[in-house]
Structures are given as structure tokens and as C-alpha cells.
Amino acid sequence: MSFTMNESVGITIDNVGLRFGNTEVLKGVNMEIKPGEFFAFLGPSGSGKSTLLRAIAGFGPTPSGRILIGDEDVTKLPPHKRNVGMVFQSYALWPHMTVRKNVAFGLEERRVPKNQIDDLVDEALDLVGLKHLADRRPSQLSGGQQQRIALARTIVVKPRVLLLDEPLSNLDANLRVQMRRDILALQRKLGLTTIFVTHDQEEANTTSDRIAVLNEGVIQQMGAPVDLYDRPANRFVASFLGTANILDGAVDAADGKPCFRSNGKISIPVTSDVQGDACLVFRPQNAAIHQAGVAPKDGEILLQGAIRDREFLGNVVRYGVAVGDHYLLVDDIHQNGHSYLEPGTAVELTLPADRPVVLGKV
Ligand code: ADP
């Protein structure tokens, strides 16, 4: 027998707001999560990710606006009538029950016939690769195994959507990488619409079809991971998703062509519609670092500066370079035996003109 889920459904968040006392924790949140999508809520601690996830599950105060699962408005339904599955950071397994009993619990509550329960539990445990541990108790399992049991217990009742609240935070780094792959593989196999709450951009980037970046209860940007990284909509997204050089300045078209200028030292031709006050964003790997005297290629901008410091990050060496009043980060790929430039060295940076993103001031 193979484990099949119900048909995938989407989730609609329509102008959802929520306050705790005087604090507005969610502010006019709108999103459409597609059937079968792996979607992440990403943002710093306190940005409202869990509150939004819990509102979808039906925990906590009823928000303003509407939440739909498929076509059904669930905004005012209690959690047990929503048929959503939620996995928590803390696993929340029953310590006195065996693994098998833990996974069977939701089925027993739903009065599924006993002979079907055994088969369903076996299949769910098989899916998470832990059938052989069915007779243990949670305390006899590692953290990763406990989280797999929590997953099995959640999917065995065939929820309409899967909600994961920081599920990997209690695991060590290597196990987190393995678990996020396993969760994604399971999600793809089942086609189960999934929302994953995390503050870790790497976790969101590696698992999700799309990400909503939240800050202070407001969606800052939504999109595929690469699009958010390459074309951040604002300063917050640019700096939250990886390291970014963010330069303040202004765009003018004094020479007939738009140009971003900053502190008299930097002028970079741009193709943006933005005019006036602006900031220019590029990643440390967008620019290349050379000892003085390089000839820039067509379409490259040349910036002159001096190395202030450097950090060895393993895959790259990250140089901090003073260019006028600016301090810019530039990565150089590390290879075995590479020799590094010393602080104080005069350097030139080349930056392809089409790499930076120009953001208007808000
Ligand atoms: P995140 O998941 O992004 O870390 P949360 O959704 O947990 O953020 O919290 C968002 C904000 O709401 C925080 O400022 C938090 O202190 C507040 N908050 C969360 N739950 C409650 C609650 N039950 N009572 C009062 N304030 C809360």
C-alpha cells in the first residue's frame, strides 16, 4: 500500500491583522500560497512569523481579515476543524508512549478502525525511515529521530496543509542540513502544501519554492529565493538575505544618462527609473579585487581604494576595502595555497555595471 495524501490545496491570507494588547504584530498581510508549494516565512525573531503560522492553524486570537484553506474560510474555525498538521521546534511527543503509540494517537482520536491504524502508522514511519524504532520511547531517540517521529505523527492523519514552526532549530548543524533535505523530499513525494517558519535564510533558500520576508509584521517582499537575493525590493531584504554593500547617494542624469553618485568618489552608470535619493546595493561576490593597474573590461566600473581588513571564510576571503568614505566588502574565491593581499595595499575593484540594484529611498 502506498501512502497518498488528499489533493493539494492552496492557502489565502487576505488582509490579515493581529494585535497583542497595544502591539500590532501582523499588519495587513496578503498572500496566496499555491497548492503543493513549499513556502517559507522568513524574518528576524519577533517579526510575526509564528503568529501568522499559528493564525493559519487556528491557535491564538482570531485575526482580522480572512484565512482560506482551499476555498474554505477557516478564520473563525477552531484548530481541530481545520485539518492542518503542525510540527513544532520542541517535537511535543508524549514521553510515556512508544513511537508507534505517538504516531497512532491522532488516528485513534479520529476513531479510525484499529486494523487500518497499524497499516497507516507503518507507512508513515516508513516514510520518515524509522519503522525499525516503532517500539522505542521518545527518550531513547536522538533529536533528529524525535523530529522525524513528530513529522510522521503529523502526516499520518493526512492534513490538508503542513505547517512547520522552526522545526530544525534544536538540531546540530549537520543534522539540520540532512533534515531539511529529507523534509523537502517528503513534501515533494506527498505534494503537501507546506509552510516553513525560519529565521535562517539558508534554510529558506534551500527548501522553498517561494519565500515571504517579514519584518515588524509586514511582508517586505515575496518571491523565489534567487529573485529575492538578486533583486531585493528594499534595504531590509537586501541586508537580511546575505551580505550586501549598501551605499547611500542619489541618481541624477546630469550627463544625459542616469548615474548613481555618492560622496564625490563613486559614480556608477545605472539603468534604473529611480531618481533623486537612492541607495545602491551589490553583493561582495559581484565585484572583483585586483592590485592597482588593472584595465577594466567593457561595461565594468573601476573603483580605487585600499584594503582595510580581511576575513577568511573558508570558501572565500572577504576583503574590507576603503573607497573614499565607503567601506565595501569584496569576496575573493579561496584556493589552496592562495596568498592574500595585506591590509594597507592599494587595490582596484571592478564591478560589472549591470550587477548593482538601485533602490529608491522610502
Ligand atoms: P517570530 O515568530 O517572527 O519570532 P512571533 O510571531 O513569535 O515572532 O512574535 C511577534 C511579536 O508578537 C513579538 O513581538 C512577540 O513578543 C509578540 N507576541 C507573540 N505572542 C504573544 C503573546 N501571546 N502575547 C503577547 N505578545 C506576543
Side-chain angles (χ1 to χ4, degrees), residues 11-33 37-69 74-80 82 84-92 143 147 150-151 154 159 161-171 173 176 179-180 183 193-223 225 228-229 232-242:
I11 301 168
T12 305
I13 311 290
D14 177 15
N15 199 23
V16 162
L18 201 147
R19 31 173 82 245
F20 287 114
N22 288 333
T23 319
E24 225 181 330
V25 175
L26 296 173
K27 302 170 193 165
V29 174
N30 288 294
M31 65 176 84
E32 284 280 345
I33 297 167
E37 197 168 24
F38 199 119
F39 198 93
F41 295 167
L42 175 67
S45 180
S47 56
K49 308 178 297 290
S50 292
T51 304
L52 183 56
L53 196 78
R54 291 167 59 79
I56 295 168
F59 300 127
T62 304
S64 58
R66 291 188 320 150
I67 297 174
L68 279 73
I69 298 178
V74 299
T75 320
K76 297 193 169 70
L77 285 185
H80 66 276
R82 298 188 185 202
V84 302
M86 190 145 168
V87 174
F88 304 91
Q89 185 177 337
S90 61
Y91 321 135
Q147 194 55 298
L151 257 176
T154 305
V161 298
L162 178 62
L163 308 178
L164 306 170
D165 194 356
E166 299 265 10
L168 309 181
S169 299
N170 284 349
L171 306 177
R176 278 211 299 273
M179 270 300 276
R180 77 187 184 211
I183 289 175
T193 310
T194 297
I195 304 177
F196 182 89
V197 161
T198 179
H199 62 275
D200 180 320
Q201 44 142 337
E202 186 177 299
E203 256 170 44
N205 283 340
T206 49
T207 53
S208 307
D209 297 305
R210 285 191 303 152
I211 298 172
V213 180
L214 274 109
N215 190 35
E216 296 183 351
V218 176
I219 295 184
Q220 304 292 314
Q221 191 173 5
M222 255 186 299
L228 299 187
Y229 186 81
N234 60 36
R235 209 180 176 101
F236 178 83
V237 176
S239 55
F240 193 73
L241 291 182

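Counting starts at 1 for both ligands and their atoms, in listed order.
- Between Val25 and ligand 1, no pair of N/O atoms sits closer than 3.5 Å.
- Ligand 1 is approached by Pro44 to a heavy-atom distance shorter than 4.0 Å.
- The closest approach between a heavy atom of Gly43 and any atom of ligand 1 is not below 4.0 Å.
- Of all protein heavy atoms, the one closest to atom 27 (C) of ligand 1 is Phe20 CD1, 3.2 Å.
- Listed by number with element, the atoms of ligand 1 under 4.0 Å from a non-hydrogen atom of Thr51 are 5 (P), 6 (O), 9 (O), 10 (C).
- Panel note: side chain Asp209, backbone Phe39; no donor-acceptor pair is recorded below 3.5 Å.
- The protein atom (non-hydrogen) at minimum distance from atom 7 (O) of ligand 1 is Ser50 CB, 3.8 Å.
- At a 3.5 angstrom cut-off on N or O pairs, Gly46 counts as close to ligand 1.
- Taking every heavy atom of both residues into account, Met222 and Asn30 meet most closely at CE-O, 3.5 Å.
- In terms of modelled atom types and a separation under 3.5 Å, the side chain of Lys27 and the main chain of Glu216 share a donor-acceptor contact.
- The main-chain N or O of Phe59 is never found under 3.5 Å from a side-chain atom of Arg54 such that the two would form a donor-acceptor pair.
- Of the protein's non-hydrogen atoms, Lys49 NZ, 2.8 Å is the one closest to atom 3 (O) of ligand 1.
- By the definition of a contact as any protein heavy atom under 4.0 Å away, atom 16 (O) of ligand 1 is not in contact.
- For the atom pair CD (Glu32) and CD1 (Ile13), the distance works out to 9.0 Å, reported to the nearest 0.5 Å.
- Scanning all heavy atoms of the two residues, the minimum distance from Gln147 to Pro167 falls at NE2-O, 2.6 Å.
- To the nearest 0.5 Å, atoms CE (Met86) and CG (Leu53) are separated by 4.5 Å.
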